[in-house]
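Working notes for the structure below.
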Number of protein chains: 2
Amino acid sequence: MSSVSDQQGKPDAQPGDPQPRMKSGDRRELIVVAAAGVFGDFGYFGTTTDQVAKAAGVSQPYVSRMFGTKEQLFLEVLARSLRTLLSAFTAEIAAGTGPGLPARIGLAYVELLRDRGLLLSLMHAFVLGGDPAIGTAARAGFLEVYRLLRVDAGFSAGEARDFLANGMLINTMVGLRMSDEFETNDLANECLRTALPEKLDLVLNLGKEQRSDR
Amino acid sequence: MSSVSDQQGKPDAQPGDPQPRMKSGDRRELIVVAAAGVFGDFGYFGTTTDQVAKAAGVSQPYVSRMFGTKEQLFLEVLARSLRTLLSAFTAEIAAGTGPGLPARIGLAYVELLRDRGLLLSLMHAFVLGGDPAIGTAARAGFLEVYRLLRVDAGFSAGEARDFLANGMLINTMVGLRMSDEFETNDLANECLRTALPEKLDLVLNLGKEQRSDR
DNA sequence: GTCTATACCAAGATAGAC
DNA sequence: GTCTATCTTGGTATAGAC
């Protein structure tokens with residue numbers, strides 16, 4: 001997946017560099033993806049539209065112009081995150097139900113960590129349930145995931161709970177940057193290993209990236 | 001537990017009402033408790049010092065004056081939340097280890113929902129692990145809880161994980177205000193019942209309060 | 001110890017050029 | 001479609017009175 005500005009043969013997002021013109025929809029997608037990363041790190045209120053703009057390599061007013069409000073942008077990030085998650089799960093279900101499904105959906109979930117900020121943006125949305133717009137969308141999204149697990153995937157109520165509980169724990173530990181302590185703290189080490197028996201390396205690599213771009 | 005201003009025989013926190021003088025430490029505690037509620041609803045960045053001041057019935061500059069910065073205030077809320085949680089767990093351990101301990105600690109955890117904003121403030125802190133000050137404190141707190149479970153309470157790694165995972169799921173559903181949908185949405189209903197086999201009413205009552213003071 | 005008034009800054013959104 | 005310049009608001013922190 002080459003970065004968009006490669007089509008011009010130029011490096012990404014140089015500060016004052018005017019961006020090449022682009023179809024509105026493509027640029028929109030680009031900004032939403034960049035926004036997911038920033039919202040994942042700082043949450044809805046903690047993120048500025050300028051941070052998003054910088055991450056996407058466009059000007060701050062352009063972000064406002066394109067999405068109207070920061071809230072609208074966040075809602076689009078949320079929608080994209082849920083869409084991606086639901087289709088990843090749906091793909092596993094389509095690949096066959098049966099005793100192996102929970103494990104496969106679990107792996108698919110962890111793989112979503114590759115999509116920078118996807119799960120963390122969701123998590124930030126989930127803890128803002130009191131917000132009129134965000135809370136409504138977040139609840140609906142969570143319930144849609146629950147429905148998919150129970151109905152489409154055929155999980156029992158207990159299986160769905162266990163799955164979601166583990167997911168929330170993983171999200172929390174990623175949000176906590178627990179991987180920062182992986183080598184230096186035995187408890188952190190064990191905690192990560194226990195919560196992520198598979199794909200531990202994914203979280204650790206993620207942690208390195210995060211540390212380097214602060 | 002009577003509210004502090006009752007000692008004056010007056011109703012709480014009237015808008016322009018100058019607050020009675022009080023020992024600095026008492027007022028501090030009062031503000032930290034009020035702040036926990038607000039931070040729990042809106043998170044660190046989403047909360048204004050003015051909201052906290054209103055909730056505590058003092059003036060906004062007084063909050064700044066007393067805590068220096070919003071960050072310092074949040075760190076004190078975080079510290080108080082962790083202290084309360086750890087001593088609740090410690091009390092259960094002191095009451096006896098053995099096969100019943102996990103269940104008792106689980107109940108003690110859910111009881112913490114009575115302390116408005118306690119678990120939600122923690123949750124907001126956990127997803128801000130990238131913040132230099134908050135992240136550091138949050139990681140240390142989380143690991144201290146993990147240590148207590150593994151060492152003091154004698155949980156196995158798997159038990160500790162299961163316990164924490166369920167805790168994070170409960171926090172998430174509370175943050176999501178899932179209880180808003182309890183009566184109208186069958187999936188939400190089942191999801192809450194499954195995650196909170198005990199003390200479901202506690203979350204539902206909490207939900208009512210939250211809805212009424214928005 | 002607590003308030004009122006205010007300075008100061010950061011951030012979201014708008015206007016208008018290109 | 002995208003930028004620069006700017007208006008406006010809201011929020012933190014400070015000064016100073018009581």
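Scope of the values below: all heavy atoms of this structure, side chains included, with no hydrogens, waters or symmetry mates. Chain naming here is simple, since letters A, B, ... match the order of the sequence lines and numbering starts at 1 in each.
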Minimum-distance nucleotide (side-chain atoms of A/Arg21 versus D/dG1, D/dT4, C/dG12) | D/dG1
Which listed nucleotide (C/dA13, D/dT2, C/dG1) is nearest to the side chain of A/Met22?
-> D/dT2
Quick one: A/Gln51 CD to C/dA11 C1', roughly how many Å, whole number?
-> 11 Å
Should the pair B/Arg28 and B/Phe67 be classed as cation-pi, given the thresholds of under 6.0 Å to the six-membered ring centre and 45° from the axis?
-> yes
Hey, is the side chain of B/Gln60 pairing donor to acceptor with the base of D/dA13 inside 3.5 Å?
-> yes
Taking all non-hydrogen atoms of both residues, which atom of B/Val77 and which atom of B/Ala35 are closest, and how far apart?
-> CG2-CB, 3.7 Å
Candidate nucleotides C/dT2, C/dT14, D/dC3, ranked by approach to the side chain of A/Gln19 - the nearest = D/dC3
Classify the ring geometry between A/Phe74 and A/Tyr44 as parallel (under 30°), tilted (30 to 60°) or perpendicular (over 60°).
-> tilted
Can you tell me the distance, in whole Å, between the CG atom of B/Asp50 and the P atom of D/dT12?
-> 8 Å
To the nearest angstrom, the NZ-C1' distance between A/Lys70 and C/dA11 comes to 8 Å
Quick one: A/Leu30 CG to D/dG1 C1', roughly how many Å, whole number?
-> 14 Å
Consider the side chain of A/Val58, meaning its heavy atoms from C-beta on, and name the nucleotide among D/dA13, D/dC3, C/dG1 that approaches it most closely.
-> D/dC3
Whole-Å distance separating the CD atom of B/Glu71 from the P atom of D/dG11 | 19 Å
Taken to the nearest whole Å, CZ/B/Arg65 to C1'/D/dA17 is 11 Å
Quick one: label B/Thr48 by what it contacts on the DNA or RNA (base, sugar-phosphate, nothing), any heavy atom closer than 4.0 Å.
-> sugar-phosphate
How many Å lie between OH on B/Tyr44 and C1' on D/dG11, as a whole number?
-> 12 Å
Validation row: A/Lys70, A/Phe39 side chains within 4.5 angstrom (heavy atoms) = yes
Tell me which of A/Tyr62 and B/Thr49 sits closer to the 5' end of DNA chain D, going by the nucleotide each one is nearest to.
-> A/Tyr62
Note, B/Leu85 side chain near B/Leu119 side chain (heavy atom, < 4.5 Å) = yes
For B/Ser59, report the nucleic acid contact type (base, sugar-phosphate, nothing); a contact means any heavy atom under 4.0 Å.
-> base
Which whole-number value in Å describes the distance from A/Phe67 CZ to D/dG1 P?
-> 12 Å
